[in-house]
Amino acid sequence: MFEILEKERIGPGVNRAVISAPDIARAHQPGQFIILRTHEDGERIPLTVADKDAEKGTITLVWQEVGVTTYYMGTLCVGEKLHDMCGPLGKPTHVEKFGTVVGVGGGIGVAPLYPITKAMHDAGNHVITIVGARTEGLLIMTEDMRKVCDELLIATDDGSFGIHGFVTQVLQGLIDQGKKIDLCVAIGPVPMMRAVVNVTRKASLPTVVSLNPIMVDGTGMCGACRVEVGGKTMFGCVDGPEFDGHEVDFDLLMKRLAMYKGPELIALNRFRETDRGCQCTFPGG
Amino acid sequence: MSDQEQTKPKRPKIPRQKMPEQDPIERGHNFYEVALGYDNDLALLEASRCLHCKKPYCMSGCPVEVDIPDFIELVKAGDYVGAAWKVKEKNSLPRIAGRVCPQESQCEAKCVLFKKGKGESCAIGRLERFVADYAAIHAPDQIPELPKPTGLKVGVVGSGPAGLTLAGGLIKKGVAVTVFEALHELGGVLVYGIPEFRLPKAIVKAEVDELRRLGVEFKTNWVIGRIETVDDLLEKRKLDAVFIGSGAGAPLFLKIPGENLNGVYSANEYLTRSNLMKAYKFPEADTPVAKGRRVVVFGGGNVAMDSARTALRLGAAEVTIVYRRTTAELPARAEEVHHAVEEGIKFQLLTAPLEIIGNEAGWAVGVKCQRMQLGEPDASGRRRPVPIADDFFDIECDTVIVSIGNAANPLVPSTTKNLETNKWGNIVADLETGKTPKDRVWAGGDIVTGAATVILAMGAGRKSALSMMSTFGIS
């Protein structure tokens, strides 16, 4: 189990892998995540599932190399295995026929947005997806996304591809055109999600965001993933990961995400000195 | 010596034998077990104190009814392995119970030696630990003969003390048992909550391995309520019965300002990082934990003591327990409080935290407190702490651990059809049998009672096992 069946680099430091996980693939619903470990003394990190194939018994993960575990995963080759994986976790996305749904995906957030887009489309919604990145080379999964939505709008901050601007400007454009939008789903870096809800709040457009707080167990037991929503403390793992974007305290989320910056760097540097982590023999590179 | 004494020789009065412990100062810097256990000589001496009462009151104090006088007789005879299996007839996890049971308020409180005011009770818990450790070291592969399979299949949700006890009880009666555990390690609170220095993980692993040798199947990383439900276990897996022992793993917070600052942990998170995820050996293990210099712990229970003593071992210069009442009301075991005091943990009693103070970057830097006094007894019979007006002070700190208890984790109850819960979210079950109103479903341990002790959870597991056996006609 948890063998890597396919793996490719889809951007700088961004990987996509298809992993054998039949039980999780059978039970997984859009919006849910898994928690994995790469080795016995590894940490437990949550990753939202980017796709699944229940028949083949596989799930797809997309991750950016930022900390020791995601770098470690970057070195894994086809045929190697993850140490263990737990899931599905978290509440599934609430999917129904809303009417018109706009999905906004920034950077790596496009991956978790993909299965939600697919489900919203399958539920009969008119789905418009806005995908954004800093520059063309950082855009991911645009062709996958095109297949599961009705309209795809691509924006880059530097104008190297598609619309020159931020996803929020594209979204504002849709609102200004007077398009009737019933729901917005935004997943991406915290500053992007905050910017999106600032736009949709003014337009009174209901907005769902998927949060990625630091987690340990992922079952509501430890409370590491505390977030404040509407002034109330909630657990990202069991009350989320999706919340009403207009109610989320993004400042708190940013601060809490930075809690282990120091130790994270220590762990990463230590990993880079190991055989597996050494850049010059990067097996997965 | 007088004539009278010569004709009526008295039994030599042997004092209760102390268990050797690591030096308090030294152990404050390591995670090795504090209590070192009896050797053969100490065990024989202590066993000789047992009167082998015809009416063993001690057994009535044991939630799992271990045959205490009988196992101690075997110790006296030098048959330590036999003594261990005598214990295991009723208690599948004696190495754990021998370490974490509050014997002083259970079996030992009922001991005739103690009750008649003749002195200290027989150290039943220490003897239990001794025989179980002895058997694990000297006869590690021994297992009893198992009966023919009954064809019955039972699922267990959660591998904590309740579930493991039930599994051990049923497998020895020919019932096939599969245990489903949400985490990657087996043992529940025994591995994520109770620290290494009180209950080494290797011991939990050995106890679990013994159950595995007996034929219990385990599935880890398997969250019931997400990957499949209790109803799936009954209908799709066609199990004959399910026992829910998912524990009280949902941390409570005080709901005071500043509780979501960085450096503020639930005791569950702090202990899980340190124990289960081995943050004490970071960066050798990847999971970090804030290694605070000045740590404040809210709460006065066993978990608060565990958190404080863990903080000390992680290198804190000062650890302070903040508790609203006095020493007399501390809910922790006397032995745990004693150990904490010995190791230099400070107790700020009659004090209520009002607010956690943070800095610009969002880190905790202090706790605003108010002094309390004891008023009239409340519903629990304990005297209620009453704030003293205008008596405020601050404690400087960089880490805060909130250890004020746990609520029921709603994951299993909320995903199971027709399962009743009370207003606190605990599953409704008969306390004597563990039977829930839902057909073929039993429940026990903290998910039913709210946060309690390991041995009470083990007692609940045993009662449910007996109830299942009588329901299915197994003797």
Side-chain angles (χ1 to χ4, degrees), chain A residues 1-2 23-24 26-29 32 34-45 67-69 72 83-92 216-228 232-233 235 238 249 251-252 254-256 258-260 262-264 266-271, chain B residues 181-184 188-189 192-193 219-223 225-229 232 246-253 255 259-273 276-279 281-291 358 360-363 402 406-407 409-411 414:
Chain A
M1 259 206 301
F2 312 130
D23 298 312
I24 296 173
R26 175 181 46 73
H28 176 267
Q29 296 173 64
Q32 290 185 308
I34 54 97
I35 280 186
L36 63 83
R37 290 192 306 162
T38 50
H39 60 289
E40 181 57 37
D41 280 346
E43 56 181 347
R44 293 169 62 99
I45 66 152
V68 61
T69 303
Y72 192 113
H83 192 275
D84 49 33
M85 197 190 285
C86 179
L89 295 166
K91 287 184 178 162
V216 185
D217 68 290
T219 65
M221 184 273 281
C222 85
C225 59
R226 303 199 291 292
V227 290
E228 280 181 25
K232 274 199 191 137
T233 296
F235 289 1
V238 285
D249 183 339
D251 281 344
L252 180 75
M254 289 275 265
K255 282 176 181 165
R256 289 189 65 83
M259 184 158 166
Y260 295 101
E264 278 164 6
I266 293 169
L268 184 57
N269 287 338
R270 190 178 174 279
F271 171 66
Chain B
E181 167 56 46
L183 289 168
H184 58 264
V189 74
Y192 75 72
K219 262 180 147 13
T220 50
N221 287 309
W222 204 270
V223 182
R226 290 284 187 235
I227 195 157
E228 58 186 331
T229 63
D232 289 338
S246 52
L252 293 172
F253 288 88
K255 298 193 158 72
E259 251 176 333
N260 292 334
L261 288 164
N262 286 349
V264 182
Y265 291 92
S266 73
N268 277 5
E269 183 188 354
Y270 192 75
L271 293 172
T272 300
R273 283 180 179 272
L276 179 73
M277 304 310 297
K278 306 170 202 157
K281 58 175 187 177
F282 178 87
E284 205 179 307
D286 290 339
T287 305
V289 68
K291 293 188 176 171
E360 276 288 297
W363 281 84
V402 182
N406 286 293
N409 190 323
L411 202 47
S414 68

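Since this is a predicted model, take the numbers as computed values, not measurements. A note on names: the letters A, B, ... follow the listed sequences, proteins ahead of strands, and every chain is numbered from 1.
Put simply, of B/His184, B/Lys278, B/Lys291, the one with the most heavy-atom pairs under 4.5 Å next to chain A is B/His184. Ranked by heavy-atom pairs shorter than 4.5 Å toward chain B, the options A/Arg44, A/Lys91, A/His83, A/Glu228 are led by A/Arg44. The residue among B/Ala182, B/Pro410, B/Pro288 with the most heavy atom pairs within less than 4.5 Å of chain A is B/Pro288. Contact tally against chain B (heavy-atom pairs below 4.5 Å) for A/Gln29, A/Arg37, A/Glu264, A/Gln32: the top residue is A/Arg37. Ranked by heavy-atom pairs shorter than 4.5 Å toward chain B, the options A/Gly220, A/Ala267, A/Gly67, A/Pro92 are led by A/Gly220. Among the candidates A/Lys255, A/Arg270, A/Arg226, the residue making the largest number of heavy-atom pairs closer than 4.5 Å to chain B is A/Arg226. Ranking A/Gly218, A/Ala258, A/Gly90, A/Gly87 against chain B, the residue ahead of the rest is A/Gly90, based on heavy-atom pairs under 4.5 Å. Of the residues considered (A/Val238, A/Leu89, A/Thr69), A/Leu89 shows the highest number of contacts with chain B, using heavy-atom pairs under 4.5 Å.
Interface remark: B/Glu181 contributes no atoms to any contact with chain A (heavy atom separation under 4.5 Å). For A/Met254, no part lies under 4.5 angstrom from a heavy atom of chain B. For B/Val264, the parts lying under 4.5 angstrom from a heavy atom of chain A are both the backbone and the side chain. Within the 4.5 angstrom heavy-atom criterion, only side-chain atoms of A/Phe235, from C-beta onward, approach chain B. Only the backbone of B/Ala361 comes within less than 4.5 Å of a heavy atom in chain A; its side chain stays farther off. In this structure, the portion of B/Lys281 lying under 4.5 Å from any heavy atom of chain A is its side chain and not its backbone. Interface remark: A/Leu252 contributes side-chain atoms only to the contact with chain B (heavy atom separation under 4.5 Å). Using a 4.5 Å cut-off between heavy atoms, B/Asn409 touches chain A through its side chain atoms alone. When heavy atoms are compared at a cutoff of 4.5 Å, B/Tyr270 does not approach chain A at all. For B/Leu276, no part lies near chain A; criterion is any non-hydrogen pair under 4.5 Å. Residue contact with chain B, scored on non-hydrogen atoms closer than 4.5 Å, involves the side chain of A/His39 exclusively. Both the backbone and the side chain of A/Arg256 come within contact range of chain B, with heavy atoms under 4.5 Å apart. Using a 4.5 Å cut-off between heavy atoms, B/Leu183 touches chain A through backbone and side chain atoms alike.
The CG atom of B/Leu252 lies 10.0 Å from the OG atom of B/Ser266; values are rounded to the nearest 0.5 Å. For the atom pair B/Asp286 CG and A/Phe271 CZ, the distance stands at 8.5 Å (nearest 0.5 Å). The CG atom of B/Leu271 lies 7.0 Å from the CG atom of B/Asn268; values are rounded to the nearest 0.5 Å. The distance from the OH atom of A/Tyr260 to the CG atom of B/Asn262 is 8.0 Å, given to the nearest 0.5 Å.
The residues B/Glu228 and A/Arg26 are annotated as not salt-bridged, no charged nitrogen and carboxylate oxygen being separated by less than 4.0 angstrom.
In terms of modelled atom types and a separation under 3.5 Å, the side chain of B/Tyr265 and the main chain of B/Ala290 share a donor-acceptor contact. Using a distance-only test at 3.5 Å, with no hydrogens or angles considered, no donor-acceptor pair links the side chain of B/Thr287 to the main chain of B/Arg273.
At a cut-off of 3.5 Å, with distance as the only test, no side-chain donor of A/Asp84 or B/Thr220 sits close to an acceptor on the other residue. There is a side-chain donor-acceptor pair under 3.5 Å between A/Asp217 and A/Thr219.
Within the 4.5 Å cutoff, the side chain of B/Trp363 has heavy atoms near those of the A/Met259 side chain. A/Ile266 has its side chain within reach of B/Phe282: a pair of non-hydrogen atoms, C-beta onward, lies under 4.5 Å apart.
Of all the heavy atoms in A/Val216 and A/Cys222, the pair that sits closest is CB-SG, 3.7 Å.
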